[in-house]
Amino acid sequence: MQSTVGSARSENAPPAIAFSGISVAYPLKGGGRYVALSETDLVIADGEFTAIVGPTGCGKSTLLNVAAGLVPAASGGCAVFGRPLAGLNRDAGYLFQADSLMPWKTARDNVAVGLSVRGVAKMEARDRAQAWLTRVGLAPMGDRYPHQLSGGQKKRVALAQMLILEPKLLLMDEPFGPLDAQTRIVMGDLLLSLWSAERKAVLFVTHDLEEAIALADRVVVLSAGPQARIIADHRVALPRPRELAESRHEPEFVALHRAIWAALKDEVMKAYGDVV
Ligand SMILES: Nc1ncnc2c1ncn2[C@@H]1O[C@H](COP(=O)(O)OP(=O)(O)OP(=O)(O)O)[C@@H](O)[C@H]1O
C-alpha cells in the first residue's frame, strides 16, 4: 500500500526514508525460503515519528533492519534522505530491546564510546557524555557500571549513547519492551521531550498499540506473515506536547485505538493460528 500521509519539514525535502517495493526472504534450513515482507512501500518524512505495529513475527524488526542496512532486500529498494541505501545506514541510530551497554565501562564511558570511535578527544567525549547523562536525568550516575543501574536507568544510558552521535534518523525496536509499565511511560515521556527538541525522523517498532498511538504522529499496521504487508496507515491527530499517561484518556485516542485494533485484531489471531 502506498502511504499518503506525511509531514515533511519542507515541501521539497527528501523523505528521511523511503521503502519501495521491499520484499525480504530468509533462507530456510533444508531449502526453500520464508518471505517475511512482500512489496512494501512506505515513506517517512523527515521529522516524522512513525510507529510500526503488527502481530508477533510479522516482520517489524525485519523492516527496521532493512532501514539500518543490516538485512538485504530480495527485491525493491530503500532511499535515505534521497540517496539509495547501500550497506550500513550511517545516518541512523539504532536502539534495540536488548541491553547494548558494555558491562566493563561506566555509564559515562558507555555514552562517550561512539564519540571516541569517531576520533573525538577523550576529555571532550567525557564532557559531552556527562552533558547527555544530565539530559537523560542521570547526572550523578556517570561513574556507575551497568550492573549498578536499574532497567530504566540503563535505557536512559542507551538513549544518550544513541543521541550523542546526532543521528538524522532513529530506528527503535521495542526499546522499552523489557521495562515495567510505569517505567515505560516515564521513558516514553523522556523520549518525547528529547525528540521534540530536534524532531528527528523516528521509526519505532512496538507490539503495544497504546504506546504507538501515545508517541507517534502516525501508526502503520503490518499484516501477519508470511508475505506481510501494510494494511493500515493512521495519522495521530493528538496535540503535542503530550503526556503519555494523560493522552490515552482523550476521546481521540480511544477512537483511534478502536479503529486500529479493528484492523490489527484479525492479524494477531492469524499469527497465533486461530483465525477469528
Ligand atoms: N534469520 C532468519 N531466518 C529465517 N527466518 C527469519 C529470520 N529472521 C526472522 N525470520 C522470520 O521472519 C519473520 C519476521 O521476523 P521479525 O523478527 O521481523 O518479526 P517481528 O514482527 O519483529 O516479530 P516480534 O514482534 O515477535 O519481535 C518471522 O516469522 C521470523 O521467524
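Start at 1 and go down the list; that is how both ligands and their atoms are numbered.
Ion pairing between Glu48 and Arg235 holds under the 4.0 Å rule for side-chain N and carboxylate O.
Any N or O atom pair closer than 3.5 Å counts here, and Cys58 shares at least one such pair with ligand 1. Any N or O atom pair closer than 3.5 Å counts here, and Pro27 shares no such pair with ligand 1. Looking at ligand 1, you'll find an N or O of Gly57 within less than 3.5 Å of one of its N or O atoms.
Ring pair Phe49/Phe204 is tilted by interplanar angle, where 30° to 60° counts as tilted.
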Side-chain donor-acceptor distances from residues 69-83 under 3.5 Å, at least two apart:
from: Ser75; atom 1: OG; to: Ser23; atom 2: OG; distance (Å): 3.4
from: Arg83; atom 1: NH2; to: Asp91; atom 2: OD2; distance (Å): 3.0

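Shortest contact from atom 4 (C) of ligand 1 to any protein heavy atom: Tyr26 CB, 3.2 Å. In this structure, the protein non-hydrogen atom closest to atom 17 (O) of ligand 1 is Ser61 CB, 3.7 Å. Residue, atom and distance of the protein heavy atom nearest to atom 26 (O) of ligand 1 are Thr56 OG1, 2.6 Å.
Under a 4.0 angstrom heavy-atom cut-off, Gly59 registers as being in contact with ligand 1. Distances from ligand 1 to the non-hydrogen atoms of Gly225 include no value under 4.0 Å.
Near Thr62, meaning under 4.0 Å from any of its heavy atoms, are these atoms of ligand 1: 14 (C), 15 (O), 16 (P), 18 (O). Near Tyr34, meaning under 4.0 Å from any of its heavy atoms, are these atoms of ligand 1: 12 (O), 13 (C), 29 (O).
A side-chain donor-acceptor contact under 3.5 Å links Arg156 to the backbone of Val136. Judged purely by atom type and a 3.5 angstrom limit, Glu267 uses its side chain to pair as donor or acceptor with the backbone of Ala224.
When distances from atom 13 (C) of ligand 1 to the protein are checked, a heavy atom turns up under 4.0 Å.
Taking a 6.0 Å sphere around CZ of Arg240, one finds it holds more than 12 heavy atoms contributed by other residues, nucleotides or ligands.
In terms of hydrophobic clustering, with Ile, Leu, Val, Met, Phe, Trp and Tyr side chains grouped at heavy-atom distances under 4.5 Å, Leu163 and Leu215 are assigned to a common cluster.
With sequence neighbours excluded, the residues that form a ring pair (Phe, Tyr, Trp, His ring centres under 6.0 Å) with Phe96 are Tyr94.
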